[in-house]
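What follows is a single structure, written as structure tokens, with notes after it.
Below, each value reflects all heavy atoms present in this structure, side chains not excepted, and no hydrogens, waters or symmetry copies. We count residues from 1, following the sequence as given.
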Amino acid sequence: MEKILLDKANWSAAERLWKGGESRASQAGDFVVLLILVALVSWVFDHNPRGWIATNPPLFFLIPLLMGGRYGPLSGLLSGAGSAVTLLLAGTIQTGNPPAEVASSARFVLVCLPLAGAICGEVQRFISKDVMRARIQLDQTSRRMRALDEQVFILAETKDELDRELALLNADAANMDYEIRRVLQSPPERFYGALLGVLGRKARLYEAAIYEASPRWKRAAYFGKPDIWPEQSRFETSKVVQAALADGKIATLPELWDNTPTCPDDFLVACPIGEAGRPAAILLVRSMPFSSMNVRGMQIIETICRWISEFSDLHQRAVGLFDPRGLVELKDFERMLELACLVQKKFQLSSSVIVLRPADRDKGDPARMRGGIEKSVRLGDVLSVTGASAPHMVLLLPLTGQRGAEICLERIVEQAGVLAEGGVAITGEILLTSDFKTLRGFRERVAAILTKP
């Protein structure tokens, strides 16, 4: 492509005046004007036209040089020839000698005039060729730069969009540990209302309600108009509710449509709350944004309900509060830990486990260690003792990252130091679910910690 453009440029440089570009009349006009000007200047210095040829160099060389440099070799050659003819006629008229004699006496000048124009035109064409090549390359480079600018713009837009997506990543699941602890701290009369509030904020529910289990389900909390949520109901005609109670997990209307596309129902989502097979309550959703009616939205609802269900199962509720300081059995602790690993996998939200042991291995037992730990355990944390020979305890901090676990460990160590006379000095190590990811990985990490000197 570049070669074709250069060939065209070369042809245009040689013939631009005669076959395009400047018109023939313009070229002839320029030649006449230059000829008149040079003749006038020469006449001012020497009234004898014979002296115009004898001048070294003659001013008439300016005509082919300028014409060749401006328009190319053909124009320079013709203008040089025209200048030579003009000088020849002027010499013939002045001397009265035949043109051949005049030409013979000034043959060097008359021959060099068209040659000088042609040579100057060739130089101009050579230079214009390089200029044309540079322009073509500049044009190609400009097009590439524009294409690169467009790509850079697209990349910048993509980066900004990615930054926004990363900033909003897990925004719907963030702060879930705080929300769950608020629910656990709620008194009995506001417990289900607080739980429904968390679900409404995290899953963006429009019309939803929680019903407590009884022969006829009793309404405990609701969003929306009260006339669409009766005080009591059996929900016997709702396929979504019956599927959730039968499977012990969240059920959605789109899942039922996979088997029965025309199946009508009053509810979009139903999720049991409480022990599997014996739910204490059930969440029902009539209306929610279409953007939340997806796998991630259902995972958020199920995760919150599962956490509340597990805590309800593990801790005895007293005046609406869960006792967070009681030791739980190892199997219950591991069940909670598996739930934390599931949340890590689905939402990339880390939970932490602190492996606690006495600073002096020869001292301390779980009972004495518990005295230095229980006042530092937060509401919703899970404390247990494993069956290892070395005395140690494990504390699960649900949905708590590295920094939060470090603060909790510092508080435990400080509290144990205050109670050292009646308790035992404690040291600990922090593990994150993002590191071990599975229950088996957790067991291996704990075993490695306990074998350290």
Side-chain angles (χ1 to χ4, degrees), residues 172-173 175-253 265-289 292-293 297-324 339 379-380 398:
D172 48 5
N175 203 31
M176 197 180 293
D177 62 330
Y178 172 74
E179 297 282 11
I180 291 176
R181 294 179 200 283
R182 285 181 59 186
V183 175
L184 297 178
Q185 291 173 338
S186 301
E189 64 274 12
R190 293 205 303 268
F191 177 77
Y192 287 116
L195 175 57
L196 188 60
V198 171
L199 291 167
R201 287 190 294 275
K202 294 300 181 181
R204 292 177 292 177
L205 306 181
Y206 291 158
E207 295 178 340
I210 295 179
Y211 280 78
E212 290 185 288
S214 64
R216 294 178 61 87
W217 293 88
K218 182 180 178 181
R219 187 182 68 191
Y222 68 94
F223 288 156
K225 298 179 180 179
D227 56 347
I228 65 174
W229 299 110
E231 289 285 346
Q232 291 184 341
S233 179
R234 293 185 181 273
F235 305 118
E236 295 175 346
T237 60
S238 173
K239 300 295 184 182
V240 176
V241 174
Q242 298 304 317
L245 295 177
D247 297 338
K249 61 180 183 179
I250 190 170
T252 64
L253 185 57
D265 208 295
D266 293 333
F267 308 111
L268 294 175
V269 181
C271 185
I273 302 171
E275 186 178 355
R278 292 182 299 173
I282 189 169
L283 168 71
L284 303 176
V285 180
R286 283 181 178 268
S287 176
M288 63 187 301
S292 298
M293 192 65 186
M298 298 306 101
Q299 288 175 346
I300 292 174
I301 293 175
E302 186 176 20
T303 298
I304 294 175
C305 292
R306 290 256 330 249
W307 276 114
I308 297 298
S309 299
E310 294 292 346
F311 280 114
S312 300
D313 185 39
L314 289 178
H315 301 291
Q316 295 293 329
R317 198 183 338 165
V319 196
L321 298 177
F322 293 101
D323 179 9
L339 179 57
L379 185 66

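For P398, the side-chain contact (heavy atoms from CB on, under 4.5 Å) criterion is met by R181, W307, F311, D381, L396, not counting sequence neighbours. The side-chain hydrogen bond (donor to acceptor under 3.5 Å, both in side chains) check on R219 picks up E231, with sequence neighbours excluded. Applying the side-chain contact (heavy atoms from CB on, under 4.5 Å) test to S292 and every residue at least two apart in sequence or in another chain returns R204, M288, P289.
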* Which is it for L195 and I304 under the side chain to side chain contact (heavy atoms under 4.5 Å, CB included) test, yes or no, and what are the steps along the way? -> CA-CA 9 Å; L195 175 57; I304 294 175; 3.9 Å; yes
* To do: Start with the C-alpha distance between V269 and V240, add both sets of side-chain angles, then the distance that settles side chain to side chain contact (heavy atoms under 4.5 Å, CB included), and finish with yes or no.
  => CA-CA 7 Å; V269 181; V240 176; 5.8 Å; no
* To do: Start with the C-alpha gap between L245 and I282, add the side-chain angles, then the distance that decides, and say whether side chain to side chain contact (heavy atoms under 4.5 Å, CB included) holds.
  => CA-CA 9 Å; L245 295 177; I282 189 169; 3.9 Å; yes
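Side chain of Q242 to main chain of F235: a donor-acceptor pair is present (N/O by atom type, distance under 3.5 Å, no hydrogens or angles). Put simply, the side chain of S186 never gets that close to the backbone of F191: no donor and acceptor are under 3.5 Å apart.
One distance of note links CZ of R286 with NZ of K225; it measures 12.0 Å at 0.5 Å rounding. Here the straight-line distance linking atom CG of L284 with atom CG of L205 works out to 11.0 Å at 0.5 Å rounding. With values rounded to the nearest 0.5 angstrom, E302 atom CD is found 10.5 Å from T252 atom OG1. Atom CD1 of I273 is separated from atom SG of C305 by 4.5 Å, given to the nearest 0.5 angstrom. Between the NZ atom in K249 and the CE atom in M298 there is a gap of 14.0 Å [rounded to 0.5 Å]. The OG1 atom of T303 lies 7.0 Å from the CG atom of L339; values are rounded to the nearest 0.5 Å.
Side-chain contact between I228 and E207: present, with at least one pair of heavy atoms (C-beta onward) separated by less than 4.5 Å. Taking 4.5 Å as the limit, every side-chain heavy atom of F267 sits out of range of all side-chain heavy atoms of L253. Y206 is not listed as a side-chain neighbour of F223, based on a closest heavy-atom distance of 4.5 Å or more. Looking at heavy atoms from C-beta onward, Y222 lies out of side-chain contact with I210 at the 4.5 angstrom threshold. Using a 4.5 Å heavy-atom cutoff, the side chains of D266 and S238 are not in contact. At a threshold of 4.5 Å between non-hydrogen side-chain atoms, the residues I308 and V183 count as touching.
Taking every heavy atom of both residues into account, A208 and L283 meet most closely at CB-CD1, 4.4 Å. In terms of heavy atoms, P279 sits closest to P272 at CB-CB, 4.0 Å.
Residues Y192 and Y211 keep their aromatic ring centres 6.0 Å or farther apart.
R190 CZ: 12 or fewer foreign heavy atoms inside a 6.0 Å radius.
A salt bridge links R201 to E179: at least one charged side-chain nitrogen sits closer than 4.0 Å to a carboxylate oxygen.
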